[in-house]
Amino acid sequence: MPRVKVRFAPSPTGPLHIGGARSALFNWLYARHTGGSFLVRMEDTDRERSSRESEENILAALRWLGLDWDEGIGAGGPNGPYRQTERLDIYRGYAQQMLDAGLAYHCYCTEEELTAEREALLAKGEMPRYLGRCRNLSPQERARCEAAGRRPVLRFKVPAGQTVVVHDQVRGAVSFDCDGIGDFIIMKSDGIPTYNFAVVVDDHLMGITHVIRAEEHLPNTPRQILLYRALGWPEPEFAHVSLILGADRTKMSKRHGATSIEQYQELGYLPEALVNFLALLGWSPGGEDEVFSPEQLKELFTLDRVAKSPAVFDLEKLNWLNGHYIRQCPLERITDLAIPFLQKAGYITGEITPERYARLKSLVAAVRDYLSNLAEITQHVDIFFAQETPPVDDEARAVLTGEQVPAVLAALREKMVALNELDEETARMILKKLPRELGLGGKKVYMPLRVALTGRTHGPELYQVLPLLGPEKVAGRLARAAGRCS
RNA sequence: GGCCCCAUGGUCAAGCGGUCUAAGACACCGCCCUUUCACGGCGGUAACCCGGGUUCGAAUCCCGGUGGGGUCACCA
């Protein structure tokens, strides 16, 4: 069996989409699992919509996800160039070859003629397709079209009466009737190949053994197989993975919220969480575990465990997974990742000294349990940076009305004034002793302190809050709260 | 509309003819832990689209229906 070689071939017309990322991931996993290689090329034959910016974007997203490739754009290799617009001569050569061999022909039909034909077929309830009007144009007719300045496209002669069977690795045998296909365009009038043609030429020349892509490409596959046969090339294996759907069960698109990898990155999702989540959309290892590192996924991934039915993108589950990774990953790393979010919110300005970094680590440690993404961190740390922390709601206000409250606040304040520094250990001790010293139940002590210090009835452990604020700020907030309840 | 794909709880899914009175995860609900919330632990509610076959036996195989989706470009 030849060494596996797969590819991801996006068109650079926008950022990397969730669905595209999943296709890339499956290809990558398959290559890594089998010890094969992974190639990335750009299908940029749509010159209107393609851009270098999108290309850079897509590649950056792939790198961010940790999907490294062995050959292609940025990695080089013996089969380049890896951008289709830089391979035009190659396609033209094969197009000429097909024309000479009588496998393809020029077509001069205008857009109006084609639209009319399509609509007529649609009206009759038939599969809309090109009926082959230009197949046997006489030299005179050709000359007349040329004289009229019409630029022809090149169409492939689809053999009549055949059935093409796609042997799909995930779907089994799928057959298509050639008579429903119609001669399709392989070269546009501007000399640029169409997708169906370029993809076949490239996959063959680049030695691709397995084409793993989204199910939306399945209807195109018989056309491509016909091209392989016409050119006398062996077909690769095909594997069509089902689509990722939005909550409304239609193909994911912009109106379904965040759909690009970039957006999730900006919201503070971790690449390993996204990879883990995406791997589980349409694939399952079969066991009872749900959390897998990229290494484990590489180990476990096989095509026979890819599901056939489409999968709805469930943000709740992504959130859970991402929160899980945020909680279990090393504190330093999550701190490093959180810093940009804190800077953007204006909570950190200036240089991050070792002392400040240590404090940031405590800060992150105090709130990481609450997060399902890093962007959410800002709404949990405001209590540490605010100037004033008045009670935020009636429940909080009520806590401060207790008659024991002034004494509680005063007691802790007294201890704070005596201190220059405050670490977690000390805070724990002071807090632990407080109820007994005051002769009060814990709740009557801790709740007022919590509200006085944060303005809220919920939040991180008090022994974490105290050191983060420092004795001075704690004392200040206690004083202000005391002022408010008098 | 033609062609094609798909069909297990709200969602992701295991199941590949008997061990299914159907696993696991997310979400939801309850309890515990925590003198807060969250995290964590334990437990619970909740599913084989319908109808015919095949078979001793069908969530699993076949056919039909229904439903959902994809695709029908000089886009990929």
Side-chain angles (χ1 to χ4, degrees), chain A residues 9-13 43-46 48-50 84 107 109 111 114-115 118 121-130 151-155 166 168 170-171 174-177 179-182 184-196 198-199 213-222 240 242-243 245 247 249-251 277 280-291 304-305 307-321 323-324 327 367-371 380 395 399 431 435 440-447 450-451 454 456-462:
Chain A
S11 59
T13 53
E43 308 216 325
D44 58 348
T45 52
D46 182 345
E48 292 290 296
R49 297 191 299 150
S50 295
Q84 289 186 329
C107 166
C109 289
E111 207 179 313
L114 295 172
T115 313
R118 185 163 49 242
L121 284 167
L122 232 28
K124 282 199 300 187
E126 288 183 44
M127 185 140 160
R129 64 205 188 285
Y130 182 67
R151 308 258 63 221
V153 297
L154 227 213
R155 281 186 189 272
V166 180
D168 194 274
V170 348
R171 270 149 230 288
V174 183
S175 31
F176 295 85
D177 192 344
D179 297 337
I181 293 178
F184 55 91
I185 296 171
I186 57 176
M187 291 293 272
K188 307 180 207 175
S189 56
D190 58 2
I192 306 281
T194 58
Y195 161 72
N196 278 126
V199 78
R213 70 215 327 182
E215 188 192 338
E216 56 190 312
H217 289 288
L218 190 51
N220 273 319
T221 310
H240 288 93
S242 61
L243 263 18
L245 274 27
R249 298 207 143 268
T250 65
K251 193 164 87 167
F277 176 70
L280 260 18
L281 274 188
W283 173 82
S284 157
E288 296 191 350
D289 297 328
E290 303 280 331
V291 180
D304 61 306
R305 297 205 59 88
K308 290 194 273 203
S309 46
V312 172
F313 183 92
D314 183 13
L315 186 60
E316 297 278 12
K317 186 157 181 176
L318 205 214
N319 282 338
W320 168 76
L321 252 182
H324 173 84
R327 267 165 249 132
V367 300
R368 55 148 48 155
D369 277 3
Y370 298 93
L371 310 178
H380 290 100
E395 194 190 352
V399 167
L431 287 165
L440 289 167
K443 192 166 185 176
K444 292 204 163 205
V445 175
Y446 298 128
M447 273 317 255
R450 175 175 295 288
V451 173
T454 69
R456 304 173 186 204
T457 50
H458 308 307
E461 301 286 356
L462 281 178

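Throughout, a chain's letter reflects where its sequence line sits, starting with A, and its residues are numbered from 1. Hydrogens, waters and symmetry mates are skipped; everything else that's a heavy atom, side chains included, is used.
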ask   = Just how far, in rounded Å, is C1' of B:U36 from NZ of A:Lys443?
value = 8 Å
inquiry  = What contact category does A:Phe277 fall into here, base, sugar-phosphate, or nothing, at under 4.0 angstrom with non-hydrogen atoms?
reply    = nothing
query = Hey, what's the ring geometry for A:Tyr370 with A:His380, parallel, tilted or perpendicular (30° and 60° as the breaks)?
reply = parallel
key: Identified pairing partner of B:U60, criterion: Watson-Crick or G-U wobble below 3.5 Å   = none
inquiry  = How would you summarise protein contacts on nucleotides 58-76 of chain B per nucleotide, using B for base, S for sugar-phosphate only and - for none, with heavy-atom distances below 4.0 Å?
reply    = -----------SSSBSBBB
ask   = In Watson-Crick or G-U wobble terms, both distances under 3.5 Å, what is the partner of B:A7?
value = B:U66
request  = Write down the distance between NE2 (A:His380) and P (B:U36), rounded to a whole number of angstrom.
outcome  = 17 Å
query = Closer to the 5' end of RNA chain B via nearest nucleotide, is it A:Ser242 or A:Lys124?
reply = A:Lys124
remark   = The reported gap from CZ in A:Arg151 to CG in A:Asp190 (rounded to nearest 0.5 angstrom) is 10.0 Å
inquiry  = Need the pair for B:C20. Rule: Watson-Crick or G-U wobble, both distances under 3.5 Å, any strand; none if unpaired.
reply    = none
task = Return the nucleotide paired to B:G43: Watson-Crick means purine N1 to pyrimidine N3 with N6-O4 or O6-N4, wobble means G-U with N1-O2 and O6-N3, both under 3.5 Å.
result = B:C29
message = Taking only the C1' atom of each, what is the distance from B:C20 to B:G15 in whole angstrom?
response = 9 Å
ask   = Base, sugar-phosphate, or nothing: which does A:Gly282 touch, judged by heavy atoms less than 4.0 Å apart?
value = sugar-phosphate
ask   = Which nucleotide, B:C4, B:U36, B:A13, lies nearest any side-chain atom of A:Leu218?
value = B:C4
ask   = Got more than 12 heavy atoms from elsewhere within 6.0 Å of NZ, A:Lys188?
value = yes
task = With P as the reference atom in both, quote the distance from B:G67 to B:G51 in angstrom, rounded to an integer.
result = 16 Å
query = The side chain of A:Asp314 lies closest to which of these nucleotides: B:C5, B:C39, B:U11?
reply = B:U11
note = Ranking B:C39, B:A25, B:C12 by distance to the side chain of A:Ala311, first place goes to B:C12
request  = Please tell me which of the listed nucleotides, B:C26, B:G24, B:C39, lies nearest to the side chain of A:Glu316?
outcome  = B:C26
key: Nucleotide nearest A:Glu288 when distance is taken to its side chain, options B:C37, B:G24, B:C6   = B:G24
inquiry  = Using side-chain contact (heavy atoms from CB on, under 4.5 Å), reason through A:Arg171 and A:Leu218 one step at a time and then give a plain yes or no.
reply    = CA-CA 10 Å; A:Arg171 270 149 230 288; A:Leu218 190 51; 3.8 Å; yes
note = Between the OG atom in A:Ser284 and the CD atom in A:Glu290, the distance rounded to the nearest 0.5 Å is 8.0 Å
request  = Just name whichever nucleotide pairs with B:C72, Watson-Crick or G-U, keeping both distances under 3.5 Å, else none.
outcome  = B:G1
query = Rounded to the nearest Å, what distance is computed from the CG atom of residue A:Asp289 to the C1' atom of nucleotide B:C26?
reply = 15 Å
query = Got a sec, which residues hit side-chain contact (heavy atoms from CB on, under 4.5 Å) with A:His324, two or more places apart in sequence or on another chain?
reply = A:Val291, A:Arg327, A:Gln328
key: Per A:Glu461 side chain, nearest of listed nucleotides B:U35, B:C6, B:U34   = B:U34
inquiry  = What verdict does the side-chain contact (heavy atoms from CB on, under 4.5 Å) test give for A:Thr194 and A:Phe184, after you've listed the backbone C-alpha separation in whole Å, the side-chain angles of each residue and the deciding distance to 0.1 Å?
reply    = CA-CA 9 Å; A:Thr194 58; A:Phe184 55 91; 5.6 Å; no
query = How many Å lie between CD1 on A:Ile181 and P on B:C4, as a whole number?
reply = 11 Å
query = What distance, rounded to whole Å, do you find between the two P atoms, one in B:C33 and one in B:G41?
reply = 16 Å
message = With a 4.0 Å cutoff (strictly under), does any side-chain N or O of A:Arg305 reach OP1 or OP2 of B:A13?
response = no
request  = Spell out yes or no: do the side chain of A:Tyr370 and the base of B:C39 have one donor N/O and one acceptor N/O closer than 3.5 Å?
outcome  = no
inquiry  = With rounding to the closest Å, how many angstrom separate the C1' atoms on B:C62 and B:C3?
reply    = 22 Å
Whole-Å gap separating P (B:U36) and OH (A:Tyr446) = 10 Å
note = Rounded to the nearest 0.5 angstrom, the CG-OH distance for A:Leu114 and A:Tyr130 is 6.5 Å
ask   = Roughly how far apart, to the nearest Å, are B:G30 and B:C49 at atom P?
value = 31 Å
query = For A:Thr457, which contact category applies under a 4.0 Å heavy-atom criterion: base, sugar-phosphate, or nothing?
reply = base
query = When you compare B:G9 with B:A59, how far apart are their P atoms, in angstrom units rounded to a whole number?
reply = 15 Å
query = Rounded to the Å, how far apart are A:Glu290 CD and B:U11 P?
reply = 16 Å
message = Considering every strand and a 4.0 Å limit on heavy-atom distances, what is the contact class for A:Gly180: base, sugar-phosphate, or nothing?
response = nothing
query = Can you tell if the side chain of A:Lys308 reaches within under 4.5 Å of the side chain of A:Val170, non-hydrogen atoms only?
reply = yes
Length of the NE2-C1' vector between A:His324 and B:A27, whole Å = 17 Å
remark   = CD (A:Glu395) and CE (A:Met447) are apart, to the nearest 0.5 Å, by 6.0 Å
message = Between B:G10 and B:C48, how far apart are the two P atoms, rounded to whole Å?
response = 9 Å
task = Give the rounded distance in Å between these two atoms: CG of A:Asp369 and C1' of B:U36.
result = 14 Å
ask   = If the C1' atom of B:G52 is compared with that of B:A58, how far apart are they to the nearest Å?
value = 14 Å
